[in-house]
Structure formats: structure tokens, C-alpha cells
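These notes concern the structure reproduced below.
Computed from a predicted structure; not experimentally measured. Letters A, B, ... are given to chains in the order of the sequence lines, protein chains preceding strands, and every chain is numbered from 1.
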Protein chains: 2
Amino acid sequence: MHDPATIEAGIPDDQLLPLRVWLALFSSVKQIEAVVRTNLRESFASTLPRFDLLSQLYRSPGGLTMGEISARLMVTNGNVTGLITRLVDEGLVDRLQDEDDRRVQWVRLTPKGNKMFSSMAPANQTWVTQAMAGLSDAELRQLQTLLGKLKSSVAAAPKHPRGDEDPSAG
Amino acid sequence: MHDPATIEAGIPDDQLLPLRVWLALFSSVKQIEAVVRTNLRESFASTLPRFDLLSQLYRSPGGLTMGEISARLMVTNGNVTGLITRLVDEGLVDRLQDEDDRRVQWVRLTPKGNKMFSSMAPANQTWVTQAMAGLSDAELRQLQTLLGKLKSSVAAAPKHPRGDEDPSAG
DNA sequence: GCATTATATTTTATGTATAAACTATCTCGC
DNA sequence: GCGAGATAGTTTATACATAAAATATAATGC
């Protein structure tokens, strides 16, 4: 039961639950990501970041600014610049300047990009559904509820907590 | 309630639960990752992949082979080569050849690496615990159970499912 | 023994990601 | 108007990640 990587690091066993849940979360996501990534590559010669980006644009027919994309994908601005550049090269999206604010870039799906996402989305849904087929609807809803609470919890947590305190003391 | 990115892609609303759970999982992990990454950088001038690698080595005092590290971190061999090279440069790990099989590289923590991980582990545990402070122990255990089921489910799913079928038909 | 095959790791080319510095533009207060 | 700061995005340097090809060694079958 005791985890050698934490015993010697001085972490009592009864404090390990959040850490264990975090590791389980992390590996679940990596596992599913691997499935989706492999399938996206084999079926569409595409990638997960590209798919996520197309997905965001798909649900925003009016387009999105670079900053809004960055916020929604939870990645840096510079990352979005690179992703968009590649997608523009592939003809899946186009960019246009804002009329009023010349700092702002609007990004939209091209018809080709729209068609591309429309064919990817059902496939992606199938892969994810099959990966989660071992969970009942009730379990999925339970998971959804818990993840909702987790999201609030993380948002409420201090951004730069001191890492040298005993978490059991709080 | 209806999600425009799926309605138009022809996905009925009652089939969206797994997809929604997947998105919630994905964003939860990214959220927590961001916290941990920021803190690792600010407190230890380090990164999450380095920390995960040190953690694996810490709990294997006899060392690990490159392949075993790759399997445990769920990343490619080539990725591990690069990570280890950087950690060797920093003096946190060392490599040695297997006596019997000259293809095999054994990797172990140096005393410096051991000390480094020992100081990082409690801090990491604090950050994660604080991020999850909004969930009760009962909820964390519930989450742990569900993630265990999810892991089995993903492992049991076909690796290369056809993505062009209606998942409601299965 | 020797060719074949399998295994362990590295290399190569490319894509994705960050943080920090930088450029350009806008807004606000005066 | 104008200067100070804020905001949007890009660039730079570097790290992390993949897939595929290459290298080196080991194990197997004959």
C-alpha cells in the first residue's frame, strides 16, 4: 500500500489520495489521447491540436480572434500563431484583420476546413464513445459531476501556493 | 443544451455524454497541469516531464532501462533519450550499460537527483492537494474508482475502430 | 555457425508547447 | 493631441513529443 516514492519523501499515507487521483486523471487522459491521436493520424492525417482548433472554429461561425482561441484551448498565444500558420498553409482556415482594431486577427474555417471537421467529428465521437464503453451512463454522469466540482476546486485554489507546508495542517 | 459543433456534424444529443466527459477530463488535466508546471518552474526551475521521470527513478532504486521508462511515462523512446540526456547534463541521473546485454542502458538517480526529488515531492503533493481541496475524501475515492473503470475500459477498447459508424447502433 | 528475426535504443524530421522579449496598436488621462 | 500604460499578436530560444528510419546487439531456427 505504501508508495516508496512518497514514504521516503516524508508523505504520510493518508495524505496521498489527491495525489493518486491526480496520477489516475493524468494517465487516463494520456491513454485516451493516444487512441485519438493515432486514429486522427491514420484516418485523417491530422493531429489532436489541429482537431481541437477546428472544433472551436466550427462552433464559432463568426470566427475567433487569436487571443480567444488561445484562451479556449488553454495554450499560449505563440502556440496558436504556429498552429494557425500551418492550418492556413493546409487551406483549412483563413485569417482576416479586424476593421476597427488593427492588432486583432480574426480566424475562420474555410469551406474546406468546415468539410474536414464535419468528417472528423463523428469519427472522433465514435473513438471516444468506444473508449468509454465500459462505463454506464450513470457512471459517466457521476464522473461528469465530479469533474465539474474539480474544475471549480482548481479555479478556487491559490495560484502560487507555498509548497513547503504540511497540507494536513490546513 | 445542443452543441453547435456536433448538431451540424450530425451527432444526436443523447450520444454526447462520453464526448462531454472526455472534454471535461481533458480540460481538468490541462488546468491542474498548468498549476503544477508553473509551480515547478518557479520553485525548482524544473518541468513536469522531468519531475515525472525523477519520480519513476526514485521509486526504482535499482534503476530503470530506457524502454521501461518509456513504458511507464507513456512516451516514445526517442522522447526519453532526450529527457535523460538533459537530466544527465544537469547531474540528476546517470546511465550505465547492462553487463550482459549491450543494447540496454540503465538509468539511476544520482545523489543530487535523489535530493532534488525529495524536495520536490512534498511541494508537488501540496499543490495537487490544494487544487483538489474542493472535493471531499468520499468524492475523491469515487473519482478514483471511476477512473479505474475508465482505465480498464480504454484498455479493452479496439485500438483502431472504424470511425465511420453510428456509435448508437452498437 | 549463419541468416533471419526480434529487441533496445538513437537519430532524424517535424510538430506542438512554453516563457520571455518584442512590435504594433489602442486607450486613457490629462 | 500626447505620453503612459494596456492589449493583441508575433518572434525567439528552448523543451517536449511524435513517427519513422537507422543502428546495434541479441535470440532463434535451421
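- Closest to the side chain of B:Thr47, out of D:dC16, C:dA19, D:dG9, is D:dC16.
- The residue among A:Gly78 and B:Gly82 whose nearest nucleotide of DNA chain D is located toward the 5' end is A:Gly78.
- A donor-acceptor contact under 3.5 angstrom links the side chains of A:Ser55 and A:Arg59, judged on distance only.
- Of the candidate nucleotides D:dA19, D:dA15, D:dT10, D:dA15 has the atom lying nearest to any side-chain atom of B:Arg86.
- Taking the six-membered ring for Trp and the full ring otherwise, the centers of B:Phe117 and B:Phe51 sit less than 6.0 Å from each other.
- With distances taken from any side-chain atom of B:Asp101 to the nucleotides D:dA26, C:dT9, D:dT10, the minimum falls on D:dA26.
- When distances are taken from the side chain of A:Arg50 to each of D:dG9, C:dG15, D:dC16, the shortest belongs to C:dG15.
- A donor-acceptor contact closer than 3.5 angstrom links the side chains of B:Ser70 and B:Asn77.
- Between C:dT18 and A:Thr76, a contact under 4.0 Å exists linking OP1 or OP2 to a side-chain N or O.
- Of the candidates D:dA17, D:dA8, D:dA20, D:dA20 carries the atom nearest the A:Arg41 side chain, counting heavy atoms from C-beta on.
- Per the geometry, CG belonging to A:Leu87 stands 12 Å off C1' belonging to C:dG15, to the nearest Å.
- For B:Arg103 against C:dT7, a side-chain-to-base donor-acceptor contact under 3.5 Å is present.
- Here C:dA17 presents its P atom at 9 Å from CD of A:Glu33, a figure rounded to the nearest Å.
- Nearest-nucleotide positions on DNA chain C place B:Trp106 closer to the 5' end than the other of A:Asn79 and B:Trp106.
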